[in-house]
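All remarks here apply to the structure that follows.
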Amino acid sequence: MLNLLWGAMMLIGILYGAVTGRLAEVTDAALSCAKEAVALCIAMSGIVAMWMGIMQIARSSGLIDKMTEKMQPLLHFLFPKIPKEHPAMEYISANVIANFLGLGWGATPLGLKAMEELAKLEEERKGKKPKSASNEMCTFLILNISSLQLIPVNVIAYRSQYGSANPAGVTGPAIVATFVSTLVAILFCKWMDR
């Protein structure tokens with residue numbers, strides 16, 4: 001559906017440019033935006049690579065394991081039906097830590113692995129492939145979307161890329177906003193899980 005929507009918007013823009021005699025401007029804008037998109041992707045790739053490296057160092061040093069251990073009471077509160085030693089808990093924990101450190105893109109593979117493990121758990125419980133998402137899957141997804149962040153790395157990188165005088169100036173408001181969104185997400189999940 002999204003492909004159709006984007007395709008339609010592009011086609012309408014091109015047709016409008018052709019009808020109004022401004023096709024050259026449409027072409028120039030497309031090339032300019034493509035160049036800017038590539039530059040932004042390269043800048044973001046470097047930042048993500050750096051933070052993923054830091055996450056790997058944290059994992060190798062045992063810091064992630066220690067943080068996971070400290071998070072167990074919270075994770076057990078959020079996901080009481082998942083056994084403590086289940087692989088999904090490790091992926092959920094690593095995803096939450098990555099999101100907390102502002103590594104939204106780096107958290108995605110961990111989130112996908114967590115969902116795979118949650119699907120396997122649900123299949124074990126029901127004896128067949130589930131046709132809908134479990135409560136744990138929904139809770140994890142909502143928690144992931146709310147994304148409590150200590151350091152909004154991506155936003156700081158975007159602001160830096162576009163020449164902000166104070167790229168890290170959004171850190172305080174981002175902490176407050178993501179704390180509130182995560183708190184609301186947890187309350188919503190607990191309310192719906194009744």
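Just so you know, these numbers use all the heavy atoms, side chains as well, and skip hydrogens, waters and symmetry mates.
- No chain of hydrophobic side-chain contacts below 4.5 Å, direct or via other Ile, Leu, Val, Met, Phe, Trp or Tyr residues, connects F188 to L183.
- Looking at S146 and T182, their side chains do bring a donor and an acceptor atom within 3.5 Å of each other.
- A heavy-atom distance below 4.5 Å is not found between the side chains of V155 and Q149.
- Using a distance-only test at 3.5 Å, with no hydrogens or angles considered, no donor-acceptor pair links the side chain of S32 to the main chain of D28.
- Both I175 and V96 are members of a single hydrophobic cluster when ILVMFWY side chains are connected at heavy-atom separations under 4.5 Å.
- Closest approach of K81 to E136, counting heavy atoms only: CB-OE2, 2.9 Å.
- Interatomic distance, OG of S134 versus CE of M115, reported as 8.0 Å (0.5 Å rounding).
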Might you work through the side chain to side chain contact (heavy atoms under 4.5 Å, CB included) test for V26 and Y16, ending with a clear yes or no? CA-CA 9 Å; V26 171; Y16 180 78; over 6 Å; no

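- Atom NZ of K190 has more than 12 neighbouring heavy atoms from other residues, nucleotides or ligands inside a 6.0 Å radius.
- With salt bridges taken as basic N to acidic carboxylate O contacts below 4.0 Å, one links R125 and E122.
- At a threshold of 4.5 Å between non-hydrogen side-chain atoms, the residues I12 and M9 do not count as touching.
- Put simply, the side chain of R159 gets close to the backbone of N166: a donor and an acceptor are under 3.5 Å apart.
- At a threshold of 4.5 Å between side-chain heavy atoms, the hydrophobic network of Ile, Leu, Val, Met, Phe, Trp and Tyr places L112 and I97 in two separate groups.
- For the pair G111 and N144, the tightest heavy-atom approach, listed with the atom from each and the gap, is CA-ND2, 4.5 Å.
- For A88 against L118, the heavy-atom pair with the smallest separation is CB-CD2, 3.9 Å.
- Of all the heavy atoms in P83 and M89, the pair that sits closest is O-CG, 3.7 Å.
- In the displayed structure, E69 atom CD is contacted under 6.0 Å by at most 12 heavy atoms of other residues, nucleotides or ligands.
- Contact annotation: the side chain of I92 approaches that of I82 to within less than 4.5 Å [non-hydrogen atoms, C-beta and beyond].
- For the pair L78/C189, no side-chain contact is recorded, criterion being any heavy-atom separation below 4.5 Å from C-beta on.
- Counting only distance, with no hydrogens or angles, the side chain of S160 and the backbone of P167 share no donor-acceptor pair below 3.5 Å.
- Note that CG of L74 is 8.5 Å distant from CZ of F79, once rounded to the nearest 0.5 Å.
- Hydrophobic clustering places L141 together with F100 (ILVMFWY residues linked when any side-chain heavy atoms are closer than 4.5 Å, directly or through intermediates).
- Once rounded to the nearest 0.5 Å, the distance linking CG of L110 with OH of Y91 reads 8.0 Å.
- When all heavy atoms are compared, the tightest approach of L75 to S93 is CD1-CB, 3.7 Å.
- In this structure, L15 CG and L23 CG are separated by 9.5 Å, a value rounded to the nearest 0.5 Å.
- Expressed to the nearest 0.5 Å, how far CG of L143 lies from OG1 of T139 amounts to 8.5 Å.
- Under a hydrophobic-cluster definition in which Ile, Leu, Val, Met, Phe, Trp and Tyr are linked whenever side-chain heavy atoms come within less than 4.5 Å, directly or via other members, L4 and L11 are assigned to different clusters.
- The pair K113-E116 meets the salt-bridge criterion, with a side-chain N (NZ, NE, NH1 or NH2) lying under 4.0 Å from an Asp/Glu carboxylate O.
- Here the CD1 atom belonging to I57 is positioned 11.0 Å from the CG atom belonging to L63, to the nearest 0.5 angstrom.
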